[in-house]
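So the structure is just underneath, and the comments pick up after that.
For clarity, every value in this text was computed on a predicted model and none was experimentally measured.
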Amino acid sequence: MYLHYLQHCQPDSPYFDLPSQDRAAGDYPAARDRLPDGWSRDLNPHWSFHAPHGCRLPSQGWKIHVSTVPDRAEAVLAVVRAFCEAGRIPFKFIRNPHVLTDRNSKYGDRGSSGKFITVYPLDEEQFATVLTELGELLDGEPGPYILSDLRWREGPLYVRYGGFVLRTVTDARGRQVPCIEDQDGRLVPDRRGPGFHPPAWVTLPECLAEAVAARSAGTTRGLPFAVRKALHFSNGGGVYEATELATGRTVLVKEARPLAGLDGRGTDAVARLEQECWALRTLAGIPAVPELIDYRKGHEHYYLTRELVDGTALTHGGGTANPWAEGTLDDAGARRYTAWALDILEQTERTLDAMHDRGVVFGDLHPGNVLVRPDGTVAFIDLETATPIDAAAPQVIGVPGFRAPAHYRGTALDRHALGCLRMALFAPMTVLLDHAPEKLDRLLALITARFPVPADFERQVRRDLAGGPDGPDAGPGAGPGAEPGVTGTRPRTRPAPEEPAQPSAATWPALRDAVAGGILGSATPERTDRLFPGDVEQFTVPGGGAAFAHGAAGVLWALAETGVDVPDAHVRWLEGAAHAPAEPRLGFYDGLTGIAFALHRLGRTDRARDLLERVLTSGLDHLDHSLSAGRAGVGLALLHFARCTGEQELLVRARDLGDRLAGGVTGASRPGLLHGRSGVALFLLRLAEETGDDSLLTAAAEALHQDFADLGLTGPEPETGIESGSAARRVPYLGAGGAGAALVADRLLPRLPDPDPRLTRALDRSRTALTTEFHPRVGLFTGRAGIVLALQRLQRGTPEDTEALRRHLAAFDWHAVHTGQHTEFLGELALRRSNDLGTGSAGVLLALGAALGSGGTTLPFLESPR
């Protein structure tokens with residue numbers, strides 16, 4: 001998921017976005033110039049699709065991909081275009097060199113990397129012809145290996161069986177994924193993972209026999225190891241656990257793909273692997289540096305073999321959990337953890353000093369690159385960005401929250417990252433400083449208030465963030481561009497308070513205006529893909545920019561619910577956007593149903609009813625069970641419209657959906673309100689209230705039992721559940737955790753004919769989880785905003801609940817970005833700002849309205865309409 005978000009982090013935008021329009025203006029001429037007679041072109045943000053008039057594509061089949069490198073792209077495109085136009089064969093190509101570079105970058109999607117052109121043969125005879133004739137024309141052209149495909153001979157052509165037109169299904173995690181039909185006509189996922197794996201029911205064309213035989217020879221033939229399992233994949237290659245054949249010992253093997261995994265300077269994965277080889281040789285003998293065993297080229301890729309370190313990354317706590325993050329902080333735990341963390345930091349600093357003494361800059365220090373062995377010693381891994389100190393190289397690859405300011409060079413890169421690491425071991429939120437450097441004071445105050453760190457801890461952090469004792473140009477030959485005296489952090493001029501002023505009911509109008517002003521000020525009604533900036537889902541699903549979870553529908557609804565005047569122009573934008581996708585999603589949070597609900601709230605009753613009718617006539621059998629994208633969400637909306645319009649037919653349709661869901665939900669799903677069985681329970685509860693059929697309540701209780709069990713909240717004490725520090729403690733969230741399930745249970749329990757001790761116990765445990773303080777995200781679905789909304793509804797009036805709510809309200813400032821008189825909030829992973837309902841400012845506004853406003857603000861359907 002992390003890479004998925006990085007692909008939408010454009011350097012010229014504070015929001016998740018597609019490449020900026022000035023970059024899109026650099027399209028390949030073939031995406032803009034005159035077409036031959038009888039041809040049409042369809043453009044989307046990434047692709048230019050060309051087809052002859054009257055051509056009817058099969059829904060699926062064998063497709064051909066053409067790989068290339070950036071400096072050969074136009075020449076290769078010219079050859080393929082001429083060939084396809086002459087043969088009247090449909091094709092598409094990446095329209096822009098910037099998009100091509102992004103797809104082949106280190107953070108590009110591994111499944112689509114290397115794909116520049118896709119050719120769509122209309123049958124297997126044409127498929128064989130294209131491979132043979134186009135293969136000869138392109139023989140010798142370079143390009144990265146396409147991992148999901150079968151290579152045709154030694155050229156840049158690759159093949160796979162898959163969909164020609166986009167169709168989607170919902171997978172077990174609630175995501176919409178591309179699909180194809182199996183031999184029985186059922187829609188199944190069109191898998192695009194790293195590896196050529198055609199569906200079992202598909203017969204390989206005879207022309208591929210030679211290519212299959214060549215692939216079966218294996219890419220690791222003749223290498224001195226045997227792979228046991230894959231540990232990690234990136235666009236540049238894989239990381240594997242393997243057995244060294246000569247000794248039988250277990251080793252780690254890193255693989256690099258030529259021409260793929262490009263970094264900001266265009267360096268590919270092979271060059272970086274060679275750099276790591278150099279670093280391991282140079283640093284041999286330093287205790288924290290793994291032993292280099294072998295480096296060589298294999299069949300297609302390059303392989304580095306090194307010692308396999310038995311250890312746990314600091315990303316995962318290094319085997320020692322942070323009690324604040326776990327919600328188990330007490331004095332004794334704080335002392336134990338602080339002693340451990342300080343030892344790790346001392347070892348890390350000592351290792352960096354040893355590296356610098358040998359003339360090497362790590363260049364990518366962060367928690368994922370430091371392992372802690374069972375004996376408590378540290379090991380550094382992933383030295384592919386290591387450089388000589390005297391090269392004064394800038395940082396090209398860096399993790400958000402640990403990357404140094406652009407002018408830093410030499411050892412200052414590592415010292416800055418060490419300063420971030422000092423903070424991250426206690427408060428893993430250093431990414432906030434990328435957006436608001438002034439939050440440094442706040443983070444340090446939080447750390448010193450909750451952990452017994454040494455008196456000079458703050459001084460050490462500030463010294464390191466400034467690049468060490470010698471500043472940002474530390475090390476020989478820092479090179480041009482360094483800015484002496486600029487530390488990259490705001491000097492502290494006064495003691496920072498432990499917490500900001502707590503929002504209160506008295507401050508609610510001003511706070512509402514500040515957040516609403518940030519939302520409305522970010523609107524871009526001139527764009528057709530989205531009105532307000534939000535999560536990357538706006539760009540990755542059809543109509544995502546208009547949907548309730550991450551698009552305009554949810555934002556406008558939240559503004560109206562919290563008493564903000566909604567501009568009529570924005571409502572008109574939503575009306576238009578609802579009709580834009582040719583194949584829209586139908587669900588509540590992801591599609592037309594939620595848009596209809598929002599338009600009804602905004603006074604567009606007729607348009608809302610038209611959209612709902614479009615949903616009903618599209619058929620609902622293919623939808624899953626969920627509140628987010630499936631039948632539970634549609635059913636709840638039908639109940640809403642039946643009450644508002646008096647149309648009994650809508651109630652009948654809702655009852656039909658409810659009867660089917662009451663029979664049980666099959667298949668795996670994420671637990672929680674949005675994608676799990678809690679959403680089904682909410683629908684069945686509301687349907688029982690509407691129809692008087694109490695048998696639906698029993699089915700609702702069973703659905704909740706399953707969700708709570710999956711969350712670890714219904715087992716005996718203390719082996720599972722909140723008391724033991726289980727996963728449920730760490731994810732007490734509204735959309736995909738215990739908070740949403742608890743809200744439904746709280747409303748269901750009084751309606752049940754008999755007490756349900758299991759639900760009562762799970763509800764109590766969920767309430768306790770809501771009081772934990774540390775949460776790195778702010779969103780309504782997976783962060784603090786949802787916890788506040790749930791705690792406001794579920795609090796028991798105890799001092800613990802009151803104090804927890806106070807702390808949550810004060811902690812909203814951790815995630816806030818103040819711009820003038822307006823306030824916005826950081827979205828998922830705190831990589832960019834977001835103003836949507838699910839991850840950003842609109843959800844925070846709704847939660848603040850519940851806690852500080854009228855108290856009646858909540859998510860749709862959580863409160864009984866009666």
Side-chain angles (χ1 to χ4, degrees), residues 106 110 144-145 147 151 193-197 213-261 268-316 318-319 347 351 354-355 358 360 362-365 368-386:
K106 179 177 174 66
R110 185 173 167 86
Y145 199 101
L147 297 175
R151 187 173 190 174
F196 177 64
H197 302 295
R215 184 183 183 92
S216 65
T219 60
T220 59
R221 179 181 52 188
L223 294 175
F225 57 81
V227 171
R228 294 168 55 178
K229 64 179 178 180
L231 302 177
H232 171 70
F233 287 113
S234 74
N235 199 21
V239 180
Y240 309 94
E241 182 181 306
T243 300
E244 187 180 22
L245 299 179
T247 64
R249 66 174 166 171
T250 301
V251 296
L252 183 133
V253 175
K254 297 188 70 172
E255 167 197 41
R257 299 172 58 207
L259 309 176
D268 73 357
V270 173
R272 289 197 302 277
L273 195 63
E274 291 174 348
Q275 195 69 12
E276 180 161 9
C277 183
W278 164 82
L280 291 175
R281 286 194 179 112
T282 304
L283 301 173
I286 295 176
V289 176
E291 174 196 357
L292 174 66
I293 298 172
D294 187 72
Y295 179 72
R296 67 180 67 201
K297 182 180 180 182
H299 173 61
E300 291 276 356
H301 301 168
Y302 289 76
Y303 298 90
L304 181 149
T305 306
R306 66 158 172 84
E307 168 197 356
L308 177 65
V309 178
D310 179 15
T312 304
L314 287 178
T315 308
H316 302 293
Q347 292 186 60
T351 301
M355 294 176 68
R358 296 197 187 183
V360 178
F362 192 165
D364 193 23
L365 176 67
N369 281 347
V370 179
L371 304 185
V372 181
R373 299 182 177 100
D375 65 1
T377 59
V378 302
F380 284 11
I381 61 172
D382 289 348
L383 299 173
E384 62 182 27
T385 60

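- Summarising the geometry of Val227 relative to Phe225, their closest heavy-atom pair is CG2-CE1, 3.9 Å, with the distance given to 0.1 Å.
- Rounding to the nearest 0.5 Å places CD of Glu255 at 9.0 Å from OG of Ser234.
- Between Arg228 and Glu244, none of the side-chain N atoms (NZ, or NE/NH1/NH2) sits under 4.0 Å from a carboxylate O, so this pair counts as no salt bridge.
- Considering only heavy atoms from C-beta on, Leu231 comes within 4.5 Å of Leu252 through its side chain.
- Here the side chains of Pro258 and Val270 are in contact, with some heavy-atom distance below 4.5 Å.
- Taking both residues in full, the closest heavy atoms of Gly298 and Leu223 are given as CA-CD2, 4.0 Å, listed atom of the first, atom of the second, then distance.
- Annotation: side chain of Thr312 is not in contact with side chain of Leu371 (no heavy-atom distance under 4.5 Å).
- No donor-acceptor pair closer than 3.5 Å links the side chain of Arg306 to the backbone N or O of Val253.
- Annotation: side-chain hydrogen bond (donor to acceptor under 3.5 Å, both in side chains) contacts of Gln347 (sequence neighbours excluded): Asp343.
- Residues Glu307 and Thr250 have side chains not in contact (no heavy-atom distance under 4.5 Å, counting atoms from C-beta outward).
- For Lys254 and Glu276, the salt-bridge test passes: some basic side-chain N is under 4.0 Å from an acidic carboxylate O.
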- [ ] Could you give me the CA-CA distance, side-chain angles and deciding distance for Leu383 and Leu283, then say whether side-chain contact (heavy atoms from CB on, under 4.5 Å) is met?
- [x] CA-CA 10 Å; Leu383 299 173; Leu283 301 173; 4.3 Å; yes
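- Within the model, atoms CD of Glu274 and CG of Asp268 stand 8.0 Å from one another, a figure rounded to the nearest 0.5 Å.
- Considering only residues two or more places apart in sequence or on other chains, Thr377 meets the side-chain hydrogen bond (donor to acceptor under 3.5 Å, both in side chains) condition with Arg373, Asp375.
- Residues His301 and Ala256 approach most closely at CB-O, 3.2 Å, considering heavy atoms.
- A pairwise comparison of heavy atoms in Pro290 and Ile381 identifies CG-CG2, 4.4 Å as the closest pair.
- Taking the six-membered ring for Trp and the full ring otherwise, the centers of Tyr295 and Tyr303 sit at least 6.0 Å from each other.
- Not a single salt bridge (charged side-chain N to carboxylate O under 4.0 Å, His left out) links Asp310 to another residue, sequence neighbours left out.
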- [ ] Kindly determine whether Thr351 and Ile286 satisfy side-chain contact (heavy atoms from CB on, under 4.5 Å), including the steps that lead there.
- [x] CA-CA 8 Å; Thr351 301; Ile286 295 176; 4.2 Å; yes
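- Taking CD from Glu291 and CG from Leu308, the interatomic distance works out to 12.0 Å, rounded to the nearest 0.5 Å.
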Open item on the list: Using side-chain contact (heavy atoms from CB on, under 4.5 Å), reason through Leu314 and Val372 one step at a time and then give a plain yes or no.
Closed with: CA-CA 7 Å; Leu314 287 178; Val372 181; 3.7 Å; yes
TODO: For side-chain contact (heavy atoms from CB on, under 4.5 Å), just list the numbers for Phe362 and Asn369, CA-CA rounded to whole Å, side-chain angles, deciding distance to a tenth of an Å, and then say yes or no.
DONE: CA-CA 10 Å; Phe362 192 165; Asn369 281 347; 4.0 Å; yes
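- Contact detail for Ala313 and Gly368: the closest heavy-atom pair is CB-O, 4.2 Å.
- In this structure, CD1 on Ile293 lies 9.0 Å from CG on Leu304, to the nearest 0.5 angstrom.
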